[in-house]
Amino acid sequence: MIHHKKRKKPAKVFYIILIGIIFCLGFKLAWHTGSATVKLIPASSAKHGETYKTLPDSPNNNQTYRIAIDPGHGGKDPGATGVSGAYEKEFNLSLAGRVFDILEEDPLFEPFMTRIDDQFVELEDRAAIANDWNADVMISIHGNTYTDPTTSGTETLYRHEDSIPLAQTLQKQVVKGLGLRDRGIKEEQLKVLATPKMPAVLVEVGYLTNADDEQLLLSNEGLERAAQSIVDGLRDYFMGEQGHSAGQQTDGSPHEISSSGTNQNQSMEKKVYFNGSAKDGKQVALTFDDGPDAIVTPQILDILRENDIKATFFILGDRAASHPETVRRIVEEGHAIGNHSWSHPNFKEITMEEVMKQINDTQDKLNDIIGYRPSLFRPPYGALDEEKVEAIQSLDLAIVNWSVDTMDWSGLPAQGIMQRIHTQLKPGGIILQHTANGKNHLANTIEALKQLIPDLKDQGYSFVTVPELLHLPDTQ
């Protein structure tokens, strides 16, 4: 018995020492974290995922804009660990709560949060909440992390093309508000951005693993600046004031800069257009790419003529050479035309010399057919880098992309096309459709066009050409 007691005594001492070490480490960590960060404010008053089904699930009709705010991570998923030991999930929630509070005071917006406390929400459920609520946009808020502690800056991620204008506008405002390095916008295959039916982005506000970034982001001043910047970006996005150059969105409003030709009060700003201004009322521009052809384009023209609607056709040079009579018909029936390159290459994958040839050859061919060179250019796939944007603008061409991508080329049924339009369209929108290079001779496009014209008219929209929408000249 004495021998047995002597064997257990060292074990008891070991366990006592171990418990003491754990207690000291825990106390030190708690003290260190608390001393290095501000108190993160919870969003306990916000509307959130547990109550979203009590909210109306009817369309919003543009009376207010519904903003789904998604504080990243939560619960069992802490996200990144900052330099101070603070968890990303707490930062995300605190910043999201501040964004919510500002939006709630603005009659233009109706905000909503996917979580308001330290709960875990599955990624697909976050998108489902936004979809069920018929949100106009979804913003997932995050702090970033990297193994290199010197890495710093703000970046905004998107998955689908219809989210690019939102990503650009928020990125611009958050960089402006916080003054961190501009890391740009990036396409990422993120699950949380995969299934939202509305434009959706993930804002990586700054790097919690960078000491300077974290000190700013966890301060009251930094949180307020970041929240206000996100709200400013939303206001710009919805009010049509997404001014930008080299790929940042603009409002499409006219500017008094002298230009030659008959339209001296209209000029090309150094920007890429995605939409017009909501201030001009409920206007929408229908655009058709990749034509003309002998099958689909005439059907589209017939429908437009029957409904007395003017649209804009972005034309390929090689197709114009094959179907000059259709190009002439487009112009004779009052539609606008734009240059869409000669053969539809990806401009990010060809040389500058090839880019210039693609554009100039198409301009020359269109001039031969209709007697003038158009003022509009749309890059194939909407793809351009900054250097090529500047080069194209030097040709006195306005670069025009779109705010609504119907995905008609993919064979998406007419019902799906209509759903995308209902979800993405805002006053001043530019709708992308096609007249060639689609499945089944774009029968879905034809059917959807027959539906969307009366549907949008019933909603109070008027149809205009892109030059009318953006207050630009038709010709060079």
Side-chain angles (χ1 to χ4, degrees), residues 252 273 275-276 280-316 319-320 322-340 366 369-370 372 374-376 378 400-409 412-418 420-422 424-425 427-470 472-475:
Y273 294 89
N275 60 280
D280 291 335
K282 298 186 74 171
Q283 294 184 336
V284 60
L286 301 180
T287 66
F288 298 91
D289 286 11
D290 296 357
D293 71 346
I295 300 173
V296 182
T297 310
Q299 295 180 68
I300 290 173
L301 289 170
D302 289 344
I303 295 170
L304 295 174
R305 182 174 58 191
E306 291 168 5
N307 289 275
D308 192 24
I309 286 175
K310 308 307 179 199
T312 304
F313 292 78
F314 286 93
I315 292 175
L316 294 175
R319 289 185 175 272
S322 300
H323 305 281
E325 70 290 344
T326 308
V327 178
R328 283 189 286 268
R329 178 184 170 185
I330 290 171
V331 174
E332 289 168 358
E333 294 187 0
H335 305 290
I337 64 169
N339 185 325
H340 195 39
L366 291 173
I369 296 172
I370 58 176
Y372 66 84
S375 65
L376 309 178
R378 174 173 286 171
V400 180
N401 278 328
W402 56 86
S403 61
V404 179
D405 185 356
T406 62
M407 298 292 290
D408 61 337
W409 58 269
L412 183 69
Q415 182 180 1
I417 292 174
M418 293 300 298
R420 292 182 69 84
I421 292 173
H422 287 154
Q424 299 175 21
L425 181 62
I430 298 175
I431 299 178
L432 169 64
Q433 298 166 97
H434 294 80
T435 62
N437 294 339
K439 296 180 179 180
N440 195 27
H441 293 304
L442 291 169
N444 56 336
T445 302
I446 300 300
E447 179 59 32
L449 184 61
K450 294 176 181 178
Q451 296 179 30
L452 74 86
I453 290 174
D455 181 82
L456 296 184
K457 282 184 176 180
D458 288 344
Q459 294 184 39
Y461 279 95
S462 59
F463 295 86
V464 295
T465 65
V466 167
E468 290 172 330
L469 182 72
L470 303 181
L472 295 173
D474 291 308
T475 68

Handout entry: Separation between NE2 of His340 and OG1 of Thr287, rounded to the nearest 0.5 Å
Key = 9.0 Å
Practice task
Starting from the C-alpha separation in whole Å, work towards a yes-or-no answer on side chain to side chain contact (heavy atoms under 4.5 Å, CB included) for Lys439 and Asn444.
Solution key: CA-CA 9 Å; Lys439 296 180 179 180; Asn444 56 336; over 6 Å; no
Handout entry: Audit row: Arg378, Asp289, salt bridge (charged side-chain N to carboxylate O under 4.0 Å, His left out) steps and yes/no
Key = CA-CA 9 Å; Arg378 174 173 286 171; Asp289 286 11; 2.8 Å; yes
Problem - Minimum side-chain heavy-atom gap Ile453-Ile303 below 4.5 Å - result: yes
Problem - Heavy-atom check, side chain of Met407 versus side chain of Ile417, under 4.5 Å - result: no
Exercise for the section: For Asp408 and His434, indicate whether the former's side chain and the latter's backbone hold a donor-acceptor pair under 3.5 Å. Expected result: yes
Fill in the blank from the handout: side chain to side chain contact (heavy atoms under 4.5 Å, CB included) test vs Asp290 passes for just one of Val296, Asn437, Thr297, Ile315, namely Asn437
Handout entry: Side-chain touch Ile421/Thr406, heavy atoms, less than 4.5 angstrom
Key = yes
Problem - Nearest heavy atoms of Leu442 and Gly438, plus distance in Å - result: CD2-CA, 3.5 Å
Exercise for the section: Please work out which of the three classes, parallel, tilted or perpendicular, describes the rings of Phe313 and Phe288, given edges at 30° and 60°. Expected result: parallel
Problem - Interatomic distance, Phe463 atom CZ to Lys310 atom NZ [nearest 0.5 angstrom] - result: 13.0 Å
Practice task
Output the distance between atom CD (Gln299) and atom CG (Leu449), rounded to the nearest 0.5 Å.
Solution key: 10.5 Å
Completion exercise
In short, Phe314 meets Asn339 closest at the heavy-atom pair CD2-O, 4.0 Å
Exercise for the section: Using modelled atom types only, decide if a donor and an acceptor are shared between the side chain of Ser403 and the backbone of Ile430 within a distance under 3.5 Å. Expected result: yes
Exercise for the section: Report the C-alpha distance between Tyr273 and Leu472 in whole Å, list the side-chain angles of each, state the deciding distance to 0.1 Å, and finish with yes or no for side chain to side chain contact (heavy atoms under 4.5 Å, CB included). Expected result: CA-CA 11 Å; Tyr273 294 89; Leu472 295 173; 3.7 Å; yes
Practice task
State, with a plain yes or no, whether a side-chain heavy atom of Thr475 is found less than 4.5 Å away from one of Pro374.
Solution key: no
Handout entry: salt bridge (charged side-chain N to carboxylate O under 4.0 Å, His left out) contacts in which one or both residues fall within residues 442-470, not counting sequence neighbours
Key = none
Handout entry: Derivation of the side chain to side chain contact (heavy atoms under 4.5 Å, CB included) call for Ile431 and Gln433
Key = CA-CA 7 Å; Ile431 299 178; Gln433 298 166 97; 4.0 Å; yes
Completion exercise
To the nearest 0.5 Å, atom CG of Leu425 lies from atom CG of Leu456 at 6.0 Å
Practice task
Decide yes or no on side-chain hydrogen bond (donor to acceptor under 3.5 Å, both in side chains) for Asp293 and His323, but give the supporting numbers first.
Solution key: CA-CA 7 Å; Asp293 71 346; His323 305 281; over 6 Å; no
Practice task
Provide the closest heavy-atom pair for Leu469 versus Ala285 in the form atom of the first, atom of the second, distance.
Solution key: CD2-CB, 3.9 Å
Completion exercise
Note: Asp405 and Arg420 closest approach over all heavy atoms is O-NE, 2.7 Å
Exercise for the section: Kindly say whether Gln459 contributes a backbone atom to a donor-acceptor pair with the side chain of Lys282 at under 3.5 angstrom? Expected result: yes
Handout entry: Working for side chain to side chain contact (heavy atoms under 4.5 Å, CB included), residues Ile369 and Val331
Key = CA-CA 10 Å; Ile369 296 172; Val331 174; over 6 Å; no
Handout entry: Note, Ile330 side chain near Leu301 side chain (heavy atom, < 4.5 Å)
Key = yes
Practice task
Could you pull out all residues at least two apart from Ala336 that satisfy side chain to side chain contact (heavy atoms under 4.5 Å, CB included)?
Solution key: Thr312, Thr465, Pro467, Asp474
Fill in the blank from the handout: Nearest heavy-atom approach of Pro292 to Arg319 is O-CB, 3.4 Å
Handout entry: Side chain to side chain, Ile370 and Ile337, heavy atoms closer than 4.5 Å
Key = yes
Practice task
Over all heavy atoms of both residues, which pair between Ala448 and Ala414 is shortest? Give the atoms and the distance, please.
Solution key: N-CB, 3.8 Å
Problem - Side chains of Thr435 and Thr445 in contact at under 4.5 Å (non-hydrogen atoms) - result: no
Practice task
Using a cut-off of 6.0 Å, state whether more than 12 heavy atoms not belonging to Glu333 lie near its atom CD.
Solution key: yes
